*Asks:* 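I'd like to ask some things about the structure below.
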Amino acid sequence: MAPVVRISDIGQHVGQTVTLHGWIYNRTDKGRLQFIQVRDGSGTIQAVAFKKNMPEAAFDEARRVTQESSVVATGSVREDPRSPTGYELDLSDFAIVQLAQDYPITPKEHGVGFLMEHRHLWLRSARQHAIIRIRATIIRSIRNWLDDHGFTLVDTPILTPSAAEGTTTLFETDYFGTPAYLTQSGQLYNEANIMAFGKVYCFGPTFRAEKSKTRRHLTEFWMVEPEMAFATLEDYMDVAQDMVSTIVQTVLEKHQADLKTVERDTTWLEKVVAPFPRLSYDDAVALLQQNGFPDFPWGEDFGAPHETTISNQYDRPVFVYHYPTHFKAFYMEPVEGRPEVCRSADLLAPEGYGEIIGGGQRMTSLELLEQRIQEHKLPREAYEWYLDLRKYGSVPHSGFGLGIERTVAWVCGLEHVRETIPYPRMLEKIYP
RNA sequence: UCCGCGGUAGCUCAGUCGGUAGAGCGGUCGGCUGUUAACCGAUUGGUCGCAGGUUCGAGUCCUGCCCGCGGAGCCA
């Protein structure tokens, strides 16, 4: 019996006879010669069936096998420049585990609506496979970076009694007779946790019932939220730029083949090295007024075209800081002497990918926080525990949230975030 | 939620002025010892999104609804 190996390790078995467990990606029938692309989740290899080199029954199976049938293929490994992957398997035996009938996704073109309906099968395609592998590396890279820099993973709840940032964009559910909500952010809990651990992060799914229908929104998305005690806005930007550049460089190092599969121009990614440029909101408004938006008023939030114009001035991600207080969350620390702006900062990715991080320095003063909760018409009783944090050892602290899907879309150079998560949840879309 | 575009074969689409429902791919059968989304020949395949209306006659015109795509606002 030949040993069972994975295709990613095939280079270590040149000249040996091995067995692969996999699925049929595509097949070319040349009569007495069959070219069979076999994938096994770790990679793809071309298996070649010559009529003379194998038992007649096995050759007949190779002849009738269909796209996405599951198979057991045995043969000798050979380096061959004519193969797309550099290696070939000269088949000596071949068996079908299950013969697939009428696999819906063909090697030809399909519309995005059809592919989304078949997302559970679409994940088998080379491009989707590459994207999800890069996503996995980005997540691992984030967690490694944080774990190596003194952050403790402290999980925050998904079912919550109230809104973190207020408002109507929450998914409501019934919690034994009282309303509960799916989390929009772990941040408020993070603020409690840093007073216990100093530096923490939470990492998990986040839910927003926004009726938004764009290439950068999902109703369920994953976010990593680091938070640090005794840290300023500037400290947060230092941490975020180091983490983001590490993520990008790690993907470049480990996923050249996958980046090629998604046709990413990696010259952009090679430039993503800290430090990142920092631009105040004031200067960003001036920049917009000089670059196609002469009437843009100070005090308004940026839309997608504005973010694109700003980020297009730079070859790496750019921080925009000190946004106007009135359109940011209630907990943002005001800038000393200029309360109309706050110690917040967003990170805009280049090439028009827009905001991938939002964060800032949190308010320290109990009195001001109570006032803001009132101004934002938030239910005070839901925030009693949060206000406790300003009574028992309050310190300057800062943190941020990085959106995984937007980051993956940017790193992979994708048009839409829907391809960056295995099963995207979007407006009115929850199948499969 | 608003604006725009669309829904015809399993998939991607064409269908002119209202007059017999089309192509390519896929599937099936046959051929081929170097294919890369193979190629060649044959063949198969329809609730024209749904409901109603106008008409001798509707894929085509009208009304309503459903669904999809793109964009906006909001955000990560």
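Proteins get letters first, then strands, A, B, ... in listed order; numbering begins at 1 in each. Given the structure is predicted, the values throughout are model-derived calculations rather than measurements. Note: hydrogens, waters and symmetry copies are ignored here, and every other heavy atom, side chains too, is used.
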*Asks:* Taking the side chain of E210(A) as its heavy atoms from C-beta onward, which of G70(B), C74(B), U12(B) lies nearest to it?
*Replies:*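 My answer, after comparing the listed nucleotides, is C74(B).
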
*Asks:* Is F114(A) touching bases, backbone alone, or none of the nucleic acid, heavy atoms closer than 4.0 Å?
*Replies:*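 Contact class for F114(A): sugar-phosphate only.
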
*Asks:* Whether the T17(A) and S76(A) side chains hold a donor-acceptor pair (N or O, under 3.5 Å, no angle test) is what I'd like checked.
*Replies:*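 Judged by distance alone, the side chains do not pair up.
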
*Asks:* State whether the distance check finds a donor on one side and an acceptor on the other, under 3.5 Å, for side chain Q37(A) versus base U36(B).
*Replies:*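 No, no donor-acceptor pair under 3.5 Å.
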
*Asks:* Measure from the side-chain heavy atoms of H110(A) and tell me the nearest of A38(B), C11(B), G34(B).
*Replies:*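 Side chain of H110(A) sits closest to C11(B).
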
*Asks:* Counting only non-hydrogen atoms, which of residues 352-360 of chain A are less than 4.0 Å from RNA chain B?
*Replies:*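 E355(A), I356(A), I357(A), G358(A) - these, ordered by number, are the residues of the stretch whose heavy atoms sit under 4.0 Å from the strand.
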
*Asks:* Listed in order of residue number, which residues of residues 404-416 of chain A have a non-hydrogen atom at under 4.0 Å from RNA chain B?
*Replies:*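 Contacts with RNA chain B under 4.0 Å: R406(A), H416(A).
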
*Asks:* Quick one: do the Q361(A) and H397(A) side chains pair a donor with an acceptor below 3.5 Å?
*Replies:*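 Side-chain D/A pair, Q361(A) to H397(A): absent.
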
*Asks:* Which of these nucleotides, A76(B), G34(B), A72(B), is closest to any side-chain atom of M223(A)?
*Replies:*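 Of A76(B), G34(B), A72(B), A76(B) is nearest to the side chain of M223(A).
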
*Asks:* Between C39(B) atom P and N26(A) atom CG, what is the distance in whole Å?
*Replies:*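 One finds 11 Å between P of C39(B) and CG of N26(A), rounded.
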
*Asks:* Report the nucleotide, chosen from C69(B), A76(B), G34(B), that has the shortest atom-to-atom distance to any side-chain atom of D80(A).
*Replies:*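 Among the listed nucleotides, the one closest to the side chain of D80(A) is G34(B).
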
*Asks:* When you measure from the side-chain N and O atoms of N53(A) to the phosphate of U33(B), is any distance below 4.0 Å, counting only OP1 and OP2?
*Replies:*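 Answer no for this pair, as no side-chain N or O of N53(A) is under 4.0 Å from OP1 or OP2.
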
*Asks:* Is it the case that the side chains of Y321(A) and D283(A) hold a donor-acceptor pair, with the cut-off being a distance below 3.5 Å and no angle test?
*Replies:*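 No, no side-chain donor-acceptor pair sits under 3.5 Å.
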
*Asks:* Has F35(A) got its ring stacked on the base of G34(B), with centres under 5.5 Å and planes less than 30° apart?
*Replies:*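 One would not call F35(A) stacked on the G34(B) base.
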
*Asks:* Between the side chains of E225(A) and Q187(A), is a donor N or O closer than 3.5 angstrom to an acceptor N or O?
*Replies:*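 Judged by distance alone, the side chains do not pair up.
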
*Asks:* Hey, which of these two, V48(A) or T66(A), hits RNA chain B nearer its 5' end, going by closest nucleotide?
*Replies:*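 Its nearest nucleotide lies further toward 5', so the answer is T66(A).
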
*Asks:* Output the rounded distance in Å from CG (L427(A)) to P (C3(B)).
*Replies:*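 The answer, rounded to whole Å, is 16 Å.
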
*Asks:* Rounded to whole angstrom units, what separation is found between the CD atom of Q67(A) and the P atom of U36(B)?
*Replies:*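 So the CD-P distance, Q67(A) to U36(B), works out to 16 Å.
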
*Asks:* Considering only nitrogen or oxygen atoms on both sides, find all protein atoms under 3.5 Å from nucleotides 29-32 of chain B and state each distance.
*Replies:*
from: C32(B); atom 1: N3; to: D29(A); atom 2: O; distance (Å): 3.4
from: C32(B); atom 1: N4; to: D29(A); atom 2: O; distance (Å): 3.4
from: C32(B); atom 1: N4; to: D29(A); atom 2: OD1; distance (Å): 3.1
from: C32(B); atom 1: N4; to: G31(A); atom 2: N; distance (Å): 3.2

*Asks:* Mind calculating the distance between NZ (K108(A)) and P (C13(B)) to the nearest angstrom?
*Replies:*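 Roughly 15 Å, once rounded to whole Å.
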
*Asks:* Let me know the distance between CG of D102(A) and C1' of A9(B), rounded to the nearest Å.
*Replies:*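 Spelled out: CG on D102(A) to C1' on A9(B) is 14 Å.
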
*Asks:* Looking just at side-chain N and O atoms, do S344(A) and H322(A) make a donor-acceptor pair shorter than 3.5 Å?
*Replies:*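 No, no side-chain donor-acceptor contact under 3.5 Å.
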
